[in-house]
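Down below is the structure, laid out as C-alpha cells.
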Amino acid sequence: MSEGETLSAVGFEAWRTRRAVACAALGRHYDEGDARLAELRFDPSPAADRLWELLLSEEDRLAEARRRGAKIVGAMKDLGTVPVMAYALPGVVAFYPDGAWWTPCLMKHTDGLFARADELGVDDSFCPVRAMLGAFAQGDRFPIPDLLTCSVGAVCDDFSSIAQRVEGLGHPILWWEMPYRRMPEPGEPAVVLPGGVRAPRAQVELVAAELGRVRDALSALTGGALTNARLAEGIRVANRIRAVLRSLREIVFAAPRAPLPALELLVAEMLIIHFCSDRDETEAVLEDLLAEVRRRVARSAGYGRSDDVRLFWVNPVADLRAMREVEACGARLCGTDFLFTHAFDPIPEDAPPLEALACSALADPMVGPASQRADRVVDEMRRLGAEALVVVRIPGASHCAHEGARLIDAVRRRLGVPCLEVEVPSLSDSFSAAMRTRLEALVEAARAARGASSAVGSLS
Amino acid sequence: MIDSRPLIAVTGPLVPCDLIRAHGFAPVAPTLRACASGAVGAAGVCAVAQSWADAVSADGAVFSAAVLTTRCDQIRRTAETLRDRLRVPLFVMNIPATRGTPAAERLLADERRRLDAFLSRVPPGPSVSTAAALEQSCASEPDGHRVGVFGCCLTDADRTVLSMLDEVGLRVVFDATEHPQGTRPFIGQRPNEAFFAWLDRRGRKARLAGWVLLRQPWCDLIHAEVFRLKRGETGLPWLVLETGARPTLAALRTRAEAFAELLEQAGGGGDV
C-alpha cells in the first residue's frame, strides 16, 4: 500500500494562529501559566484539541463541581478501581490527586509545588508525585476532596510516604489494603485475574472486603446506597470506555505508520485511570480519537515513515515534552506500559461487583512481581512486533531502582532486541539533547538488527 | 543464654518468631555487611535491602531458610531477585500496611498459617550456637547523654556510627531500630500515628535526652517522616544522620558533637 498523507504535529504558536477558535482553550491554559504548552507539538485534529482541553481543564471542572455541590472523591494510588465505584453514584466526581505530578512540568516549576514539598521535607529524592503534597499544602490547585482514599501495601514507598504526609496536613484518608500479589500455593484455591495472572482466592476476598469499606464510605458520603446493581452498571460503563481505548491502542500500534503521535497517546491512556473528572467526556474524547485514527488509517495517513522503528515504551515520563523525541528520532510507539495496563482490561461482569473490582485491582502490574510485568511486556512486544524497548526511570521512584534492570534483562534474553533505560526529569530541557542521542542510538541499533533477528514479529 | 538450633534469617516487623522457635529454629537477623562492594549498588537501591540479600545468599551462609516481610518496596523487590540466588527456601510474608482493620487481622492470621506450613517443610540445616537477643535497652546507668537510636536494620556501617556516637558522649540506651520480633507499630503502617505515639512513650520510659536517626539513602518511608520527627512529634530533639554503605564518619561526628552540646545546654536528662 502506498503511503498516503504524512501528518505533522504543529507547534503551539502555529496552532494558536491557525485554529483560533478551537485553540482558544489551549491558549487560555498557556496564558494562565501552563508555559510548557509552548514547547510541545500537537496533533492538528479536533479530536486532539478536545483531548487536551479535557486534560488541561480538569482543575476548572473540579472547582465547578465543588460550586454546584457535587461530592468530590480523591482516589489516590489505585489506578482505575475506586473511580469506577465513585462514578456509579450520582452527584460524585472522582479524580486522581496523584495527577498533580505533571503540574510542575506544565507550569515549568512556576507553580511552587516542588518548593512547597521541599519545605515540608519531601525533597527531590522522591518521585515527582511529591507535587501532590505541595498541592494539598497550598490548597490552590484543586478543591480538597470530600473523601480521600488511598491503596496501601504493595505500592511504591514514595507514594505511601507522601500520602501519609498529606494525611498529616489534616486530610483524613481511608486507607485500604492492597496485598502483594503472590503466586497461589499448590492446592490453594486460585483466581485468574484480568490480563491472565493468577492470584490466591484469599487475596481476592481480602481486597473485595477492603473495597467494601470503600463502598460504605462512598455511600455514607452521598447518602445513597452504592448497591451491587449500581456497581454493576458502573463496571459496565467503565468496560465500555476501556473497550474504546483498547481499540484505539490496537489501531495505533498496528498501523503501518503511527496515526497518532506518542504524546497524545500517552495523554489518552492516562484518561482511563480516573476519567479525568468527567467520565462522559472521557468516553466522547476517546471515541473521537478512535474515529480520527480510523479515518487516517483508511487513507494511509500517518506520522513519519512506514519503516520507523517500532518502540515499546515502559513507564510514563515526568516531562511531557520528552514524548516528542519518539517521532523526532525516526521511531513510533507500537506498545506501551505506562504503569496501569490492568486499567485497559475488562473488569469481569460475571462475578459479584466487589469481587470483580478486586480482581481488577489485584491485576495491577505494580502489585505483583516484576517478573510478571516483564512477562506481559515480552508477550506484547512479540505480538506487536516491537523492535526496541525504552524503560523510563521516574526520578526518585522506589520501584524504578529495581524494575528497569529486570524488565530489560527479560526482554534481552527472550527477544534479543536493543533496550534503553533513561531517566526523564520533570523538566527535561537540559537533558533533551542527551536523550535524543540515546534514543537515536537505540533506533540505529534496532535498524541494524533488522533482518538479522528472526525473533521479531512481522512489521506489516 | 546460648541457643543452639538451625537458623532462619528474618527481617521485617511482625514476624512471628514464636512460631519459628516452635518449629525448632532460631530466628536471627543476619549480620548486614553494607560495606561490602555488593551493597554499594545501583542508584536507588537501599543498602539494607542489598546487604540483607547478600548476607543470606553468601557462600558459607548457615541459614536453613529466609523469611522476609513486605515491609517496603525495597525489600519486596529485592526478594524477587533473591529468589533466583538463594540456595535455601525463601518465605515472603505479606504483612498488612493498614492497622486495626478486619482485613489486616485476617491477613496476619492467613500469613501465620502459611508460614507455619512453610516451616514444616523446611529441612533443618546445621544447628548454630547463638546468643539470645538482648533486651533492646541498656540496664546500666551510663555516663553521657541517654539517647535512643532509630532506623531500619542496623548494618556494620551503622555500627561504626554507633561507636562514634558513644565516643562523643551519646549513649545509646534504647534501640528502636527494626527488630523482627514483636508487634509494635512501624513507620510504614498507615496511618502511622501509633508509631509516633510508641516512640514518644518509649522515649519517656527510657528517660531519653534525645533520639538519633540512622537514615539509609533511598529509604523513603523514613526520610519522609524526618520533618515530623524533627518538628517534635515525639517530644525530644533528633539528630538525623545519613549513613548508607560508606558513612562519612568525620562529618557525622561533627554533627553528633554539636548534638551532644545541644543536649548539654538543654540540660539533657540522663546524666549520672
Side-chain angles (χ1 to χ4, degrees), chain A residues 119-123 125-127 130 133 150-165 167-168 172-173 175-182 185 188 200 202-203 205-207 209-210 212-213 366 368-372 393 395-406 423, chain B residues 41-46 49-50 69-81 83-84 92-99 101-104 106-107 110-111 113-114 117-118 187-193 195-196 217-231 233 240 242:
Chain A
E119 289 170 9
L120 292 169
V122 179
D123 57 27
S125 69
F126 290 85
C127 159
R130 69 195 183 100
L133 178 64
C150 188
S151 64
V152 68
V155 304
C156 62
D157 294 337
D158 304 74
F159 196 90
S160 174
S161 309
I162 290 165
Q164 176 63 73
R165 292 297 308 279
E167 187 173 64
I173 293 175
W175 304 95
W176 58 278
E177 190 77 40
M178 173 53 74
Y180 179 57
R181 188 181 68 237
R182 60 174 175 84
E185 294 183 338
E188 183 177 18
Q203 288 195 322
E205 290 171 356
L206 184 145
V207 175
E210 287 291 89
R213 287 200 298 121
M366 306 306 293
S371 58
Q372 290 183 337
R393 277 180 77 122
S398 56
H399 62 93
C400 287
H402 299 262
E403 246 190 345
R406 203 152 173 89
E423 183 166 298
Chain B
V45 177
C46 157
Q50 182 65 58
T69 67
T70 55
R71 67 177 300 284
C72 65
D73 214 14
Q74 296 276 357
I75 289 285
R76 268 199 308 278
R77 294 188 180 276
T78 297
E80 294 174 13
T81 53
R83 222 178 263 283
D84 300 333
V92 178
M93 182 172 172
N94 231 324
I95 60 170
T98 53
R99 189 176 165 87
T101 64
R106 175 179 170 175
L107 181 56
D110 287 349
E111 289 297 282
R113 274 192 292 275
R114 222 168 52 86
F118 168 83
I187 203 167
Q189 281 179 318
R190 303 290 176 247
N192 65 4
E193 303 308 321
F195 166 77
F196 284 87
W218 312 115
C219 176
D220 295 326
L221 293 180
I222 290 178
H223 187 184
E225 300 294 4
V226 167
F227 180 89
R228 292 173 70 189
L229 293 172
K230 297 186 79 170
R231 195 173 60 178
E233 288 198 26
V240 178
E242 184 172 289

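What you see below is based on every heavy atom in this structure, not just the backbone, and it leaves out hydrogens, waters and symmetry mates. Keep in mind that what you see is a predicted model, and the values were worked out from it rather than measured.
Ranked by non-hydrogen atom pairs under 4.5 Å with chain B, the options Ala202(A), Ala397(A), Ala209(A), Ser371(A) are led by Ala202(A). Ranked by non-hydrogen atom pairs under 4.5 Å with chain B, the options Met178(A), Glu185(A), Arg130(A), Glu167(A) are led by Glu185(A). Most heavy-atom pairs under 4.5 Å with chain A, from the set Gly188(B), Ala104(B), Ala103(B): that is Ala103(B). The candidate with the highest count of non-hydrogen atom pairs below 4.5 Å against chain B, out of Arg165(A), Arg213(A), Gln203(A), is Arg165(A).
Under the side-chain contact (heavy atoms from CB on, under 4.5 Å) criterion, Thr69(B) pairs with Pro13(B), Val15(B), Arg71(B), Met93(B), Ile95(B), not counting sequence neighbours. Applying the salt bridge (charged side-chain N to carboxylate O under 4.0 Å, His left out) criterion to Arg228(B), with sequence neighbours excluded, gives Glu193(B), Glu225(B), Glu233(B).
To the nearest 0.5 Å, the span separating CH2 on Trp218(B) from OG on Ser398(A) amounts to 11.0 Å. One distance of note links CG of Asp73(B) with CE of Met366(A); it measures 7.0 Å at 0.5 Å rounding. Between Glu403(A) atom CD and Arg77(B) atom CZ the span is 4.5 Å, to the nearest 0.5 Å. With rounding to the nearest 0.5 angstrom, the CH2 atom of Trp175(A) is 8.0 Å from the CG atom of Asn192(B).
When side chains are defined from C-beta on, Arg114(B) counts as touching Arg182(A), because their heavy atoms get closer than 4.5 Å. Within the 4.5 Å cutoff, side-chain heavy atoms of Arg106(B) are placed close to those of Glu205(A).
Judged by distance alone, with hydrogens and angles left aside, the side-chain atoms of Asp157(A) form no donor-acceptor pair with the main-chain N or O of Cys72(B) at under 3.5 Å. Of the possible donor and acceptor atoms, one in the side chain of Glu80(B) sits under 3.5 Å from a partner among the backbone N and O of Ala370(A).
For chain B, the nearby part of Glu119(A) is the backbone; its heavy atoms alone come within less than 4.5 Å. Contacts of Thr101(B) with chain A are made by side-chain atoms alone, with heavy-atom separations under 4.5 Å and no backbone atom involved. With a 4.5 angstrom heavy-atom cutoff, Glu210(A) touches chain B only via side-chain atoms. Heavy atoms closer than 4.5 Å to chain B are found nowhere in Val207(A), neither backbone nor side chain.
Side-chain atoms of His223(B) and Asp123(A) include a donor-acceptor pair closer than 3.5 Å. In the model, Ser160(A) has a side-chain atom that pairs as donor or acceptor with a side-chain atom of Arg190(B) under 3.5 Å.
The two residues Tyr180(A) and Asn94(B) make their nearest non-hydrogen contact at O-ND2, 2.8 Å.
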Report task. In sequence, state the C-alpha distance, the side-chain angles, and the governing distance for Arg406(A) and Thr81(B), and then conclude on side chain to side chain contact (heavy atoms under 4.5 Å, CB included). Result -> CA-CA 8 Å; Arg406(A) 203 152 173 89; Thr81(B) 53; 3.4 Å; yes
